[in-house]
Amino acid sequence: MSEGSLDAHDAPHAAHDDGTDDRYLVRNPRQIRQLLQALIDQRSLINAHLGGRDQSFPTAILELDEDEDSLLLDGSPSEPANRAAEDAGYLLCFAQLDRVMVRFRLDHLERTGGHRHVAFRVPFPTELVHLQRRELYRLETPITDSPHLMFPINEDRSEALHLRVVDISGGGLAVTVPVDCNVFGMQKRYDARLDMPESGPLHVSLIVCNQLSVKLPNGVEMKRIGMRFDGLPRGGDSAIQRYIFRIDRQRSARKNGES
């Protein structure tokens with residue numbers, strides 16, 4: 001399976017029951033330190049989102065202090081961005097190690113250094129998501145909080161299919177359609193609008209990878225269309241990962257009886 005493909009979608013019911021990505025969740029402090037050190041060694045660029053919002057700035061980990069279980073995070077050349085980071089409450093960080101996505105949350109930023117070189121002292125994250133090589137975590141979306149796709153189905157774009165996205169990852173997504181819907185062809189490319197909850201619309205290109213017959217819990221037979229992204233706009237991957245992170249956290253909180 002190539003990176004970003006939807007071959008894993010061949011098993012329609014393989015998604016996690018509770019929606020969490022425990023297969024990729026690292027909580028062992030020693031392993032977390034190793035991955036953070038690898039980000040330093042590989043000079044990995046980190047995209048830090050302020051409080052999980054769209055606003056972000058590029059940064060990097062400068063050093064680890066294992067005695068204090070903290071790290072030094074590079075600040076932004078923009079002083080307004082540094083002030084916003086201090087006020088945000090937390091940073092949701094995305095990076096890559098050997099082309100494998102890593103994401104983690106940093107809380108309790110403490111500003112250090114002067115105005116010429118700002119940095120932040122931050123406690124180590126208590127958990128970190130590290131996707132296995134050549135795999136992308138797939139989230140089964142909640143019915144009441146799902147992304148939606150709008151597909152034009154004629155040349156003048158006057159008619160469109162509005163479809164709920166039933167699962168999504170950084171590599172692609174899936175929708176379900178009635179069994180008699182023959183709009184989609186295997187390996188064909190489609191341009192569509194992806195509407196993400198709590199984010200603006202994304203104009204994406206998708207290639208159909210598989211079509212499977214599935215039976216819904218109410219007994220209705222549907223056709224499941226699995227597609228991979230052939231093009232994402234700038235910031236599209238971050239918007240998808242923020243959505244996945246948010247739904248994961250909500251499901252984990254409910255599972256643990258948190259408010």
Side-chain angles (χ1 to χ4, degrees), residues 6 8-29 31-32 35 47-56 87-95 100-109 122-132 135-149 162-176 194-202 214-220 222 224 226 235-259:
L6 292 190
H9 288 178
D10 288 345
H13 303 293
H16 300 271
D17 290 338
D18 60 3
T20 61
D21 46 4
D22 287 341
R23 289 176 299 169
Y24 313 116
L25 196 59
V26 178
R27 290 197 177 100
N28 183 287
Q31 292 177 315
I32 290 175
L35 289 167
N47 196 23
H49 288 261
L50 309 179
R53 302 189 300 271
D54 286 338
Q55 186 180 0
S56 65
D87 297 337
Y90 69 92
L91 299 178
L92 184 55
C93 299
F94 299 90
V100 177
M101 198 276 287
V102 175
R103 79 170 184 253
F104 52 94
R105 173 172 164 155
L106 296 177
D107 293 276
H108 310 300
L109 277 69
V122 193
F124 284 168
T126 57
E127 60 185 36
L128 182 150
V129 174
H130 183 221
L131 297 189
Q132 297 174 16
E135 260 190 279
L136 288 166
Y137 168 60
R138 175 169 60 92
L139 175 84
E140 187 172 350
T141 63
I143 293 175
T144 57
D145 193 7
S146 300
H148 285 79
L149 273 180
H162 292 265
L163 303 171
R164 184 178 80 86
V165 174
V166 296
D167 67 53
I168 192 167
S169 77
L173 51 80
V175 297
T176 56
L194 175 61
D195 294 321
M196 299 294 299
E198 298 187 359
S199 181
L202 302 173
V214 295
K215 187 170 286 188
L216 302 182
N218 61 7
V220 175
M222 299 286 284
R224 183 183 175 285
D237 183 69
S238 293
I240 291 168
Q241 295 300 335
R242 286 197 306 276
Y243 169 75
I244 291 173
F245 186 86
R246 178 173 65 82
I247 299 300
D248 271 350
R249 301 292 285 189
Q250 290 175 355
R251 287 176 171 170
S252 294
R254 285 197 296 270
K255 183 181 178 183
N256 295 330
E258 300 172 10
S259 59

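All heavy atoms count here, side chains included; hydrogens, waters and symmetry mates do not.
- From I247, atom CD1 reaches atom OG1 of T141 across 8.5 Å, with rounding to the nearest 0.5 Å.
- Minimum heavy-atom separation, C93 to A48: SG-CB, 4.2 Å.
- Note that CG of L25 is 8.5 Å distant from CZ of R103, once rounded to the nearest 0.5 Å.
- Residues that satisfy the salt bridge (charged side-chain N to carboxylate O under 4.0 Å, His left out) test with R246, not counting sequence neighbours, are D145, E198.
- Between the side chain of Y90 and the backbone N or O of G51 there is at least one donor-acceptor pair closer than 3.5 Å.
- Residues I240 and M196 come closest through the heavy atom pair CA-CE, 4.0 Å.
- The shortest side-chain heavy-atom distance between Y243 and P147 falls under the 4.5 Å cut-off.
- Of the inter-residue distances, the one linking L50 atom CG with D87 atom CG reads 9.5 Å to the nearest 0.5 angstrom.
- Exactly one residue among Q241, R242, R249 makes a side-chain contact (heavy atoms from CB on, under 4.5 Å) with F245. That residue is R249.
- Annotation for G89 and D107: closest pair O-OD1, 3.9 Å, computed over non-hydrogen atoms.
- Side-chain contact check for L35 versus V26: some heavy-atom pair is nearer than 4.5 Å.
- F94 pairs by the ring-ring contact (aromatic ring centres under 6.0 Å, His included) definition with H49, not counting sequence neighbours.
- Contact of the D195 side chain with the H162 side chain is not registered, since no non-hydrogen atoms from C-beta on lie closer than 4.5 Å.
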Going through the checks in order, is the side-chain contact (heavy atoms from CB on, under 4.5 Å) test met by R251 and L139? CA-CA 11 Å; R251 287 176 171 170; L139 175 84; 3.6 Å; yes
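- The two residues R224 and D167 have their closest heavy-atom pair at NH2-OD2, 2.9 Å.
- To the nearest 0.5 Å, atoms CD1 (I168) and CD (E140) are separated by 13.0 Å.
- Here the CG-CZ distance, from L91 to F104, works out to 9.0 Å after rounding to the nearest 0.5 Å.
- The heavy-atom pair separating I244 from S169 by the smallest distance is CD1-CA, 4.1 Å.
- Considering all non-hydrogen atoms of both residues, A239 and L202 come closest at CB-CD1, 4.4 Å.
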Determine whether L173 and L149 satisfy the following criterion, side-chain contact (heavy atoms from CB on, under 4.5 Å), listing intermediate values before the conclusion. CA-CA 10 Å; L173 51 80; L149 273 180; 3.6 Å; yes
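- Distance check, rounded to the nearest 0.5 Å: CD of Q31 to CD of E127 gives 13.5 Å.
- Residues P125 and R105 have side chains not in contact (no heavy-atom distance under 4.5 Å, counting atoms from C-beta outward).
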